[in-house]
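Please read these numbers as outputs of a predicted model, since none were measured by experiment. Just follow the structure's listing: the first ligand is 1, and inside any ligand the first atom is 1. The residues of the chain are indexed from 1 along the displayed sequence.
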Amino acid sequence: MPHSTTAPHSFQVRGACPHDCPDTCSLLTTVENGVAIKVQGNPAHPHTGGSLCTKVSRYTERTYHPERLLQPMKRTGPKGSGQFAPVSWDEALDDIAARLKAIAARDPQAILPYSYAGTMGLVQGESIAGRFFNKLGASQLERTICAAAGGVGLVHTLGGKVGMRVEFFAESKLILIWGSNSITSNLHFWRYASQAKRDGAKLICIDPRKSETADKCHEHIALLPGTDGALALSIMQQLIVHDWLDHDYLARYTLGWEQMRERALEWPPERAAAVCGIEASQIESLARDYGAFANSDQAAAIRMNYGLQRVHGGGNAVRLIALLPALIGAWRHRAGGVLLSNSGAFPVQRMVLERPDLRGGRPSRTINMATIGNDLLRPASPAFGSAVEALIVYNSNPVAIAPDSAKVVAGFAREDLFTVVLEHFQTDTADYADYVLPATTQLEHWDVHSAYGHTDALLNRPAIATVGQAWPNTQIFRELSRRMGFTEPCFNDSDEELCRQAYGDKVDFNTLLDQGFATLPMPEAPFAQGGFPTPSGQCEFFSQRLADQGLDGLPDHVPNHESAGSSQTYPLAMISPPARNFLNSSFVNVTSLRQSEGEPLLEMHPADAAERQLQDGALVRVFNTRGEHRCRLSLNARARPGVVVGLGVWWRKFGLDGHNVNQLTSQALTDLGNAPTFYDCLVDVQAA
Ligand code: SF4
C-alpha cells in the first residue's frame, strides 16, 4: 500500500526501474495531490542503497514531458514525416483490428511483433502481448539485439545465465571489469567494487575505451575491439605455463580441460598482444595478478558486461572469459568467479504469461530483430514465406537502434507496410507508424521484474493515474484481442493477476507486496563444489551441445568480420557504447539529459586526428560503405589509436543530419546467438 508521509495528501509508492540496466533499482515515488513530484532510490533495498542514476532520478521530467503522447494518433502525411492527427481509441483499435484480420486471413505470419527492453517488466513486456501474437499465429521475433551472444556463450559454459552474487564483489581482492563502463551502465555494481577498492582490492579495467570506470581503476588495458577472446586465451596460457592452476578444481568440476589446455598453449602473450594491439608485458602482468589467486584463500572476480560480445566472436569470447575462474578455483569463494548475468536464476513462468500453447501447433516463422533492415525489404519467397505486411512495435525504437539504418529506414518507409507503434513519445520509429498508441510509463502501471545484475525480484505499483489517454501495453493488447474475436479467458487477466502469475508460487507475492522486492534463495558460492547447470554438471570447456550443432565444441578466438587494420579504405574500428546520460535510445528526448550530452560526439585519439588534420571540436563525417554520419570530434583522451568511439544512441531526429551511428553499423551476426555486431565496424573520418 502507499505509505503516508507527513502531509496527508502526500505518500510514497514502491516501484522498480524498468530500464535495460543490470541494476534494476527499487524506486520510491513521492506523490502529492496525485502528481509524482520525486523519484528516488529505495534505501530499504540493499542493491539500490537509496541512490539512482542521473537518468532515472529525472523520471518525473520524463513522465510529465510536454511532448508525451497523450492520445492515439493516425498518420496524415508521408511515412517518416511525423504528421499525425488525433483519433479516438475506438477508431484506432477498430481500424487496426480490421487491418490485422485482413492480413491474418491471407497469412498471419505476415504480421510481426517488434519489442525489446524499453521496459524490462514481465507484464508490460510479453504477457498479454505474447498471448495476442501466439493466438494470432504471427511470426515470432528472435530477440537478439543486446545479449544473445553472451547469453548463449554462458549457457554453453556455465549452463545458464548464472554467476556470482553481485554483493560479494565487495569482498574480492582483484576485480577484472571486462567490457563494462560500470559507472555509466552498472552504477550499483560500482558501489561494491568501490568498497572492495577501499578494502585494498586491485581493479583492472579491460576496455578499448578509457572510460570513466577505467579512470578509477588501478590499471586499464585498452585492447582492440573484438580481441577479448585472444586475451583470455593468453591469460590461460600464462596460468598453465606458470602452473597458477587449481588442479583439484579442474579435475573435479570441469569437462574438456585437456583439450582446452592444448588450445590455450597456442596463445603465448606475444601472439595475443599482436592481435589485441597491446604489449605482451601487459598480458603477462594481468595473468600474474589473476594467477596469484590460484589456490588462495582470497578471491578474484570478473565482472563482464555485454559490450564485449557485440562483435563476430562475442559468444566465444564470453565462453573463454567465463572459463577463467575454473582455472584458478575462484568459484570456491563467494567473492570469486564471474558475473555477466544472473537472469537465469529467476523462475519466470513464461509459459503461463505468454501462453505459447495458443499457437495451436501452427507453423511459426522466426525473424531476427537484428536483421530487420533486410527482412522488411524481403519479398515473399518459398524460403522466407510471406513478405512482412504488418509490424506492431512496442518497448522498442528500431529505426534508431537497429543496425544498418539505411536499410531499416527503407523498410519502415514502405507504403504497403502497416505499422502500429505503442510509445511514450514521437520517436524515430513512431514517425513511420500508421497509428501511434500512447502507452503508460512505469509510474502509471503494475509490473513485476527480474534482474540481470542482482538476484532480487521486484514489484512495481502504479504511483499515479494514467497520464492523458495513455493505456498500459496490456490494456491495448486486451482491447485488440477482443476486437480480433479472441475469447480465451486469459485475455481478461488483470495486470495485478498477471503480476501474480509471473512467478506463480516460486516467489512469495506477499513479500513483493510488503517490501517491493524479494531475494531469491541462492547459495552464496553457487559453484564452490561444481554443480553447474550444464548437461554434464561440469564447467564445460568442451560443449557437446555446440559440437552437435556442427560448431567447435571448444572456444576459440573468432576475429571480427571487420578487424582493425584489415582495410586500408576504412582503417578505424568504431565502437558505439551508450552516452552517459542515455540508456540505449531512452532519455535522448529528456531535455536536461540531452543538454548534458550536448551533441553527438566521436571520440578519437590525437594521433589519428593529426593524421587527418582534424582539430578537437571539428565537425566530421564518419563513413563506410553502409553510410555516413556527421558528428562533433572529441579528442578527450578516451579513444586509443586506431579506434573511434561514437557515443550513442542518439535519436536520428536529434542528430546533426538526421542520422545516428547505426547508419554505419552492419547486420552481420555473432558466432553464437545470432546477435548483432555493433562494435565490429570499420570506418574512416574526414572533416565535414
Ligand atoms: S537505469 Fe539502472 S542505475 Fe538507473 S535507476 Fe534504473 S536500474 Fe538504477
Side-chain angles (χ1 to χ4, degrees), residues 12-30 36 38-63 116-122 124-125 146-147 166-167 169 177 180-194 211-213 303 305-307 339-343 346 395-397 401 424 441-445 447-461 463 516-517 519 577-590 592-594 596-597 647-649:
Q12 290 187 320
V13 181
R14 292 193 199 96
C17 176
H19 289 287
D20 189 359
C21 168
D23 298 19
T24 313
C25 289
S26 176
L27 307 181
L28 274 186
T29 301
T30 304
K38 187 175 180 185
V39 177
Q40 62 195 109
N42 179 2
H45 182 235
H47 297 301
T48 304
S51 67
L52 302 178
C53 63
T54 317
K55 297 164 283 225
V56 174
S57 53
R58 310 273 171 90
Y59 217 73
T60 56
E61 189 181 339
R62 189 173 187 278
T63 300
Y116 199 65
T119 171
M120 298 285 286
L122 299 169
Q124 303 305 334
C146 178
V166 68
E167 57 268 40
F169 276 88
I177 301 178
S180 174
N181 183 1
S182 311
I183 290 176
T184 290
S185 306
N186 194 188
L187 186 62
H188 295 78
F189 158 76
W190 182 250
R191 289 169 61 234
Y192 295 124
S194 299
S211 65
E212 295 83 349
T213 306
R303 178 63 169 123
N305 212 339
Y306 284 106
L339 176 62
L340 171 60
S341 169
N342 255 325
S343 64
F346 289 83
N395 304 336
S396 188
N397 183 7
I401 58 91
H424 302 143
T441 69
Q442 190 77 342
L443 301 191
E444 299 153 65
H445 55 227
D447 218 326
V448 161
H449 289 256
S450 57
Y452 60 99
H454 61 66
T455 43
D456 294 349
L458 282 90
L459 177 71
N460 185 74
R461 290 170 181 269
F517 63 91
T519 301
R580 185 167 184 169
N581 290 284
F582 303 155
L583 200 156
N584 302 324
S585 73
S586 297
F587 300 102
V588 179
N589 66 322
V590 175
S592 63
L593 295 171
R594 191 171 68 255
S596 299
E597 288 299 327
L647 295 167
V649 179

Study note, to complete from the structure: With a cut-off of 2.8 Å, strictly less than, protein N/O/S atoms near atom 6 (Fe) of ligand 1 add up to 1
Practice item. Among Asn305, Asn186, Thr213, find the residue that satisfies the side-chain hydrogen bond (donor to acceptor under 3.5 Å, both in side chains) test when tested with Asn181. Key: Thr213
Revision key, fill the gap. So the atoms of ligand 1 within less than 4.0 Å of a heavy atom of His188 turn out to be 3 (S), 8 (Fe)
Check your understanding: What do you reckon, are the aromatic ring centroids of His19 and Phe587 less than 6.0 Å apart?
Key -> yes
Check your understanding: Among Cys53, Cys21, Pro22, whose side chain to side chain contact (heavy atoms under 4.5 Å, CB included) with Leu187 holds?
Key -> Cys53
Point to revise | Aromatic centroids of His188 and His45 separated by under 6.0 Å | key: no
Point to revise | Between Ser592 and Arg58, a side-chain donor and acceptor under 3.5 Å | key: yes
Practice item. Check the angle between the aromatic planes of Phe169 and Phe189 and answer parallel, tilted or perpendicular using the 30° and 60° thresholds. Key: perpendicular
